[in-house]
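Here's the structure we're looking at; comments come further down.
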Amino acid sequence: MSIFGFFTRTRTAPVARERLQLLLAHERSLSGKSDLAVILREEILAVIAKHITIDREKVKVKLDRDGTISTLEIDIEMPEVVAVKT
Amino acid sequence: MAKVLVVTSGKGGVGKTTSSAALGAALAQAGKNVVVVDFDVGLRNLDLIMGAERRVVFDLVNVVQGDAKLAQALIRDKRVETLSLLPASQTRDKDALTPEGIERVINELREKFDWIVCDSPAGIERGATLAMRHADLAVVVTNPEVSSVRDADRIIGILDSKTAKAEAGEQIEKHLLLTRYDAGRAARGEMLKIEDVLEILAIPLLGIIPDSEDVLRASNVGCPVTLHNPASAPARAYAEAARRLMGEMVDVTLPIEKKTLMGRLFGWKVA
Ligand SMILES: Nc1ncnc2c1ncn2[C@@H]1O[C@H](COP(=O)(O)OP(=O)(O)O)[C@@H](O)[C@H]1O
Ligand SMILES: [Mg+2]
């Protein structure tokens with residue numbers, strides 16, 4: 001490592017701090033209702049299943065948390081011929 | 001055929017999680033299909049070390065209990081296509097895992113991946129024995145220090161008695177990974193020597209990982225060290241160990257003593 005490398009090397013500790021703050025804020029807010037994702041998925045699916053038949057194998061759930069916004073994506077593949085329940 | 005590898009040690013803080021991430025990534029970088037599974041239920045960290053902590057929705061406990069499908073819980077690495085993570089639950093405890101549930105999940109993983117790397121929790125209780133239960137081979141992680149060597153010996157005994165392989169009368173393949181090795185301190189006689197540890201534990205050596213700031217930097221940013229700084233000494237040592245796991249004959253590189261700039265100029269050895 002050169003002398004210049006020593007002074008210019010990007011510091012990783014601030015990244016660590018930011019990642020931890022984000023994660024811990026999320027985890028603390030979650031204590032007690034750990035399976036929020038399971039609950040949300042089940043309730044959303046139940047509402048949709050009232051109207052159309054869905055294949056549970058084709059349900060994708062994705063999450064991305066950011067400093068300002070978090071997104072929960074629930075991706076439900078619709079059957080080719082939509083069987084609308086009456 | 002798929003291989004199930006457990007990274008275990010008995011003692012905590014010796015480098016199991018760091019090594020699971022680095023070996024898993026190194027195997028994936030070599031083109032293998034790899035999943036790293038966090039068995040540390042209640043104290044998960046592999047997600048953080050892999051940089052996937054913001055993407056965890058479902059976990060191992062959800063899959064074992066049938067609340068989520070395996071495919072929903074697997075998190076695909078954004079840097080290496082062939083690397084996935086199955087996170088542990090942070091909010092449950094280890095009793096949420098059942099032997100039958102784990103067996104079903106491992107069998108399902110065997111169909112999808114070449115390597116299943118199980119990051120064991122510390123200790124010799126349920127969590128640790130479940131992590132090793134279905135392993136074909138074990139990486140025993142130890143530091144050149146008395147208590148971790150003693151605990152490693154204990155774990156070797158448990159690997160030889162409590163795994164499914166052992167119970168079927170077969171031998172489980174065991175490899176020693178010596179981590180946090182400081183060549184300078186070993187040379188000054190302040191740390192157990194490599195040959196001492198090898199003689200005491202009497203299992204083949206997989207690699208020696210030097211104690212290095214690069215490991216800390218990689219964990220700060222959430223990237224396995226083999227991806228974060230492939231040219232660094234610990235990354236090269238992990239990549240070498242991964243090649244050995246894949247059956248290649250590679251000589252073990254001995255870490256050389258690190259001297260600081262001052263040390264180099266004046267010929268001092270600096271701790
Ligand atoms: N080769 C190494 N050089 C420097 N620090 C290391 C090395 N390996 C592990 N560490 C550090 O040691 C601590 C414990 O490592 P970890 O992998 O979490 O251990 P375990 O999973 O066995 O409890 C962490 O702070 C990690 O960054
Ligand atoms: Mg760990």
Side-chain angles (χ1 to χ4, degrees), chain A residues 1-46 54-77, chain B residues 41-59 61-76 78 87-93 96 212-223 225 228-229 231-233 258-265:
Chain A
M1 181 212 324
S2 73
I3 283 198
F4 299 107
F6 181 80
F7 289 113
T8 56
R9 192 171 50 211
T10 47
R11 307 220 160 274
T12 54
V15 182
R17 176 170 167 269
E18 197 174 311
R19 291 175 63 220
L20 273 175
Q21 280 178 330
L22 244 168
L23 177 65
L24 296 185
H26 169 76
E27 284 186 347
R28 285 173 187 149
S29 73
L30 218 71
S31 61
K33 33 182 178 173
S34 61
D35 282 330
L36 187 61
V38 176
I39 296 165
L40 282 176
R41 184 197 56 191
E42 288 312 309
E43 293 189 359
I44 291 170
L45 288 188
I54 46 180
D55 182 353
R56 300 201 46 112
E57 297 283 333
K58 291 180 178 155
V59 176
K60 286 188 212 113
V61 186
K62 265 202 319 206
L63 180 76
D64 213 331
R65 277 195 300 277
D66 216 311
T68 42
I69 59 159
S70 303
T71 54
L72 177 71
E73 253 176 71
I74 300 186
D75 193 330
I76 302 163
E77 196 178 309
Chain B
V41 175
L43 286 173
R44 77 167 170 227
N45 269 325
L46 194 53
D47 56 332
L48 196 55
I49 298 305
M50 305 269 301
E53 74 279 3
R54 297 189 307 182
R55 297 166 62 207
V56 177
V57 189
F58 300 116
D59 55 55
V61 171
N62 292 139
V63 179
V64 164
Q65 299 191 336
D67 289 331
K69 301 257 179 268
L70 180 61
Q72 292 179 333
L74 287 171
I75 301 174
R76 177 86 66 89
K78 287 190 168 166
S89 169
Q90 180 69 335
T91 45
R92 312 293 198 78
D93 60 49
S212 160
E213 289 169 22
D214 285 296
V215 171
L216 194 64
R217 277 188 215 115
S219 70
N220 277 344
V221 299
C223 186
V225 70
H228 187 248
N229 186 358
S232 66
K258 202 169 50 180
K259 293 179 187 176
T260 65
L261 183 64
M262 280 300 181
R264 238 173 261 152
L265 289 178

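Computed from a predicted structure; not experimentally measured.
Contact of B/Glu53 with chain A is made through backbone and side chain together, with heavy-atom distances under 4.5 Å. No part of B/Asp59 comes within reach of chain A, as not one of its non-hydrogen atoms sits under 4.5 angstrom from that chain. For B/Ser89, no part lies near chain A; criterion is any non-hydrogen pair under 4.5 Å. For B/Val61, no part sits under 4.5 Å from any heavy atom of chain A, backbone or side chain. Residue contact with chain A, scored on non-hydrogen atoms closer than 4.5 Å, is absent for B/Ile75.
For A/Glu18, the CD atom is loosely surrounded, since the number of other residues' heavy atoms within 6.0 Å does not exceed 12.
Closest of all the heavy-atom pairs between B/Val221 and A/Arg19 is C-NH1, 3.4 Å. Closest heavy-atom contact between A/Val59 and B/Gln72: O-NE2, 2.7 Å.
Once rounded to the nearest 0.5 Å, the distance linking CZ of A/Arg11 with CZ of B/Arg217 reads 9.0 Å. To the nearest 0.5 Å, the span separating CG on B/Asn220 from CZ on A/Arg17 amounts to 12.5 Å.
Taking 4.5 Å as the limit, some side-chain heavy atom of A/Leu22 sits within range of a side-chain heavy atom of B/Arg54. Taking the side chain as every heavy atom from C-beta outward, A/Thr12 and B/Leu216 never approach each other to under 4.5 Å.
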